[in-house]
**Student:** 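Before we start, here is the structure in question, set down as structure tokens.
All ligand and atom numbering here is 1-based and tracks the order in the structure. Position 1 is the first residue of the sequence, and the numbers go up from there. Only heavy atoms go into these numbers, but all of them, side chains included; no hydrogens, no water, no symmetry mates. Nothing here was measured: the structure is a model prediction, and the numbers come from that model.
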Amino acid sequence: MLNQNNISTNTKILCIIGHPISHSMSPLMHNIALKDLKLDYVYIAFDVIPDNLKQALEGIKALNIRGINVTIPYKEKVIRYLDFLDPIAQKIGAVNTIKLKDGLFFGRNTDAEGAIQALSNSGINSSGLDVLLLGSGGAAKAVSYGLIQNINKLTILNRTEHKAKELADKLKKESRSQIDAKKLNETTLTNAIKEADLLINATPIGMYPSHHESIISRDMLHKDLAVFDLIYNPLETQLIKDAKTLGCKTLNGLDMLINQGALAFEWWTNKKPNTILMKKKVIETLSEK
Ligand SMILES: NC(=O)c1ccc[n+]([C@@H]2O[C@H](COP(=O)([O-])OP(=O)(O)OC[C@H]3O[C@@H](n4cnc5c(N)ncnc54)[C@H](OP(=O)(O)O)[C@@H]3O)[C@@H](O)[C@H]2O)c1
């Protein structure tokens, strides 16, 4: 834990805003990395109710809070309050990291880069693959934007069909890859999974406390499939467990979480955090839960 005796009038503040926020691993992983580098910062979490988002951001500016992570449900809503938006975040349509500099908010998205780093470090080479993406929310947008230049085909299935189609239309402006979008149901899932090389779960199905659920039954998976489940709590979802029993390559959401956090940390502090330490802290905490 951070030694509160070291907090002084010089201590700079970093934070995360979201609602709810109690599940977030960000304070733990950032504070341990700040302490490791002996940086005079503290990272705290704010549970901001939807009616208060504007006032919360005004307060953050007034209090000169230097760095802000943004989580569900504000990654899209914060954009209107920013002074500058990184072009990639603009294309993704979601911001997970803000830096306050000279009284102005600069917004970025480190989820996309974090996810792509995690995939390539895991040995899953997405180049030329047929990818099946489940979900069309903030995480799906970031991951698909990161992947779209290199893959052969992307099929997006989502519970709300028009959101899948809107995402597909946006991605088509960025890439010549084949992009298809449909409503998520048993039939579309059965057909799409047969042709897929990489399955990405960007829905919360399988997340704690619904950790016995999976978005897809084991008998629909096949051994040549690589599976990337963006969920990190639990570290091994039912989907990952099922895929492992078939010998599939698998990746959970932990490395994406650490990578997006490390990119934000470096942007705020100009120092590279110890990602091994950050990861160890998150694993320890999730294992205790
Ligand atoms: N590892 C990481 O660093 C990281 C980062 C961000 C997110 N994530 C994980 O990614 C997942 C999605 O997060 P997000 O930020 O994209 O959330 P989000 O913006 O709320 O999007 C959620 C997506 O899941 C779909 N969905 C929700 N409940 C569903 C259900 N019961 N059945 C079918 N589809 C359902 C939604 O469909 P509709 O459009 O129909 O609502 C939407 O497409 C979460 O599990 C989150 O923990 C991980």
Side-chain angles (χ1 to χ4, degrees), residues 16-26 28-30 50 69-79 89 92-97 108-119 121-122 132-146 155-168 170 181-186 188-189 199-217 227-240 250-265 275 278-279 282-283 286:
I16 181 164
I17 57 169
H19 179 71
I21 202 68
S22 57
H23 66 281
S24 177
M25 292 289 129
S26 293
L28 291 168
M29 70 182 196
H30 280 284
N69 277 138
V70 183
T71 189
I72 291 176
Y74 301 129
K75 287 186 184 181
E76 294 167 18
K77 293 191 182 96
V78 291
I79 291 178
I92 295 169
V95 160
N96 74 324
T97 308
R108 242 182 97 177
N109 188 307
T110 64
D111 281 335
E113 204 177 328
I116 301 311
Q117 279 178 2
L119 261 177
N121 292 343
S122 75
L132 172 56
L133 174 68
L134 306 179
S136 297
K141 284 178 184 155
V143 173
S144 57
Y145 182 83
T155 304
I156 307 166
L157 300 182
N158 193 46
R159 179 176 64 178
T160 309
E161 188 176 12
H162 77 87
K163 291 190 186 166
K165 293 209 179 289
E166 279 164 24
L167 175 56
K170 265 178 90 172
K182 292 197 175 86
K183 183 167 173 60
L184 172 66
N185 59 39
E186 184 97 20
T188 53
L189 191 52
L199 168 70
I200 302 177
N201 178 33
T203 78
I205 298 182
M207 193 164 78
Y208 185 84
S210 305
H211 49 292
H212 298 300
E213 292 176 15
S214 175
I215 191 145
I216 183 162
S217 65
V227 177
F228 180 17
D229 195 336
L230 303 196
I231 294 170
Y232 54 83
N233 184 15
L235 290 167
E236 196 165 81
T237 57
Q238 190 60 47
L239 170 60
I240 296 271
T250 60
L251 175 65
N252 66 18
L254 179 63
D255 283 351
M256 175 179 167
L257 174 78
I258 303 298
N259 296 342
Q260 63 74 30
L263 289 162
F265 185 105
T275 50
M278 291 164 85
K279 190 167 171 175
V282 174
I283 292 173
L286 290 174

**Student:** Got more than 12 heavy atoms from elsewhere within 6.0 Å of NZ, Lys182?
**Tutor:** no

**Student:** For atom 32 (N) of ligand 1, grab the closest protein heavy atom and report residue, atom and distance to one decimal in Å.
**Tutor:** Ile205 CD1, 3.2 Å

**Student:** So Asn96 and Gln260, side chain to side chain donor-acceptor pair (under 3.5 Å) or not? Walk me through it.
**Tutor:** CA-CA 9 Å; Asn96 74 324; Gln260 63 74 30; 3.2 Å; yes

**Student:** CG/Leu167 to CG/Leu133 distance, rounded to the nearest 0.5 angstrom?
**Tutor:** 7.0 Å

**Student:** Quick test: of every protein heavy atom, which one is nearest to atom 5 (C) of ligand 1, and how far off is it to 0.1 Å?
**Tutor:** Met256 CE, 3.7 Å

**Student:** So is Lys75 in contact with ligand 1, going by heavy-atom distances below 4.0 Å?
**Tutor:** yes

**Student:** Go through ligand 1 atom by atom and flag the ones less than 4.0 Å from a non-hydrogen atom of Gly135.
**Tutor:** 43 (O)

**Student:** Nearest to atom 17 (O) of ligand 1 by heavy atom, Ile72, Leu257, Thr71: which?
**Tutor:** Ile72

**Student:** Pick, from Lys183, Glu76, Arg159, the option with the minimum heavy-atom distance to atom 30 (C) of ligand 1.
**Tutor:** Arg159

**Student:** Does only the side chain of Asn233 get under 4.0 Å from ligand 1, or the backbone, or both, or neither? Count heavy atoms.
**Tutor:** neither

**Student:** What do we get for Asn158 next to ligand 1 when only non-hydrogen atoms under 4.0 Å count, side chain, backbone, both or neither?
**Tutor:** side chain

**Student:** Indicate whether the side chain of Asp255 and that of Gln117 have a donor and an acceptor atom separated by less than 3.5 Å.
**Tutor:** no

**Student:** Would you mind reporting whether Leu235 and Leu286 have side-chain heavy atoms less than 4.5 Å apart?
**Tutor:** yes

**Student:** Which atoms of ligand 1 have any heavy atom of Ala139 under 4.0 Å away?
**Tutor:** 6 (C), 7 (C), 10 (O), 13 (O), 14 (P), 15 (O), 16 (O)

**Student:** Minimum distance, heavy atoms only, to atom 47 (O) of ligand 1: which one of His162, Glu161, Met207 is it?
**Tutor:** Met207

**Student:** Between Met29 and Leu257, which heavy-atom pair has the shortest distance, and what is it?
**Tutor:** CE-O, 3.4 Å

**Student:** Can you tell me how far apart OG1 (Thr275) and CD1 (Ile258) are? Round to the nearest 0.5 Å.
**Tutor:** 7.5 Å

**Student:** Could you tell me which atoms of ligand 1, counted from 1 in the order shown, lie closer than 4.0 angstrom to a heavy atom of Ser136?
**Tutor:** 43 (O)

**Student:** Identify the closest protein heavy atom to atom 23 (C) of ligand 1: which residue and atom is it, and at what distance?
**Tutor:** Ala202 O, 3.8 Å

**Student:** What distance do Ile215 atom CD1 and Leu184 atom CG have between them, rounded to the nearest 0.5 Å?
**Tutor:** 5.0 Å

**Student:** Using a 4.0 Å cutoff against the non-hydrogen atoms of Ile231, which atoms of ligand 1 qualify?
**Tutor:** 45 (O)

**Student:** Show me which atoms of ligand 1 lie under 4.0 Å from any heavy atom of Gly253.
**Tutor:** 1 (N), 2 (C)

**Student:** For the atom pair OG1 (Thr203) and CD1 (Ile216), what is the distance rounded to the nearest 0.5 Å?
**Tutor:** 11.0 Å

**Student:** Can we say Glu166 and Lys170 salt-bridge, meaning some charged N sits less than 4.0 Å from an Asp/Glu carboxylate O?
**Tutor:** no

**Student:** For residues Phe228 and Ser122, determine if any side-chain heavy atom of one lies less than 4.5 Å from a side-chain heavy atom of the other.
**Tutor:** no

**Student:** Should the proximity of Ala115 to ligand 1, defined as any heavy atom under 4.0 Å, be assigned to the side chain, the backbone, both, or neither?
**Tutor:** neither

**Student:** Heavy-atom contacts under 4.0 Å between Lys163 and ligand 1: side chain, backbone, both, or neither?
**Tutor:** side chain

**Student:** Given Asn259, Thr160, Leu230, which one has a non-hydrogen atom that is nearest to atom 48 (C) of ligand 1?
**Tutor:** Leu230

**Student:** Using distance alone, determine whether Gly138 and ligand 1 share an N or O pair under 3.5 Å.
**Tutor:** yes

**Student:** Any carboxylate oxygen within less than 4.0 angstrom of a Lys/Arg side-chain nitrogen, looking at Asp111 and Lys75?
**Tutor:** yes

**Student:** Would you mind finding which of Ala164, Gly261, Pro204, Gly137 brings a heavy atom closest to atom 21 (O) of ligand 1?
**Tutor:** Gly137

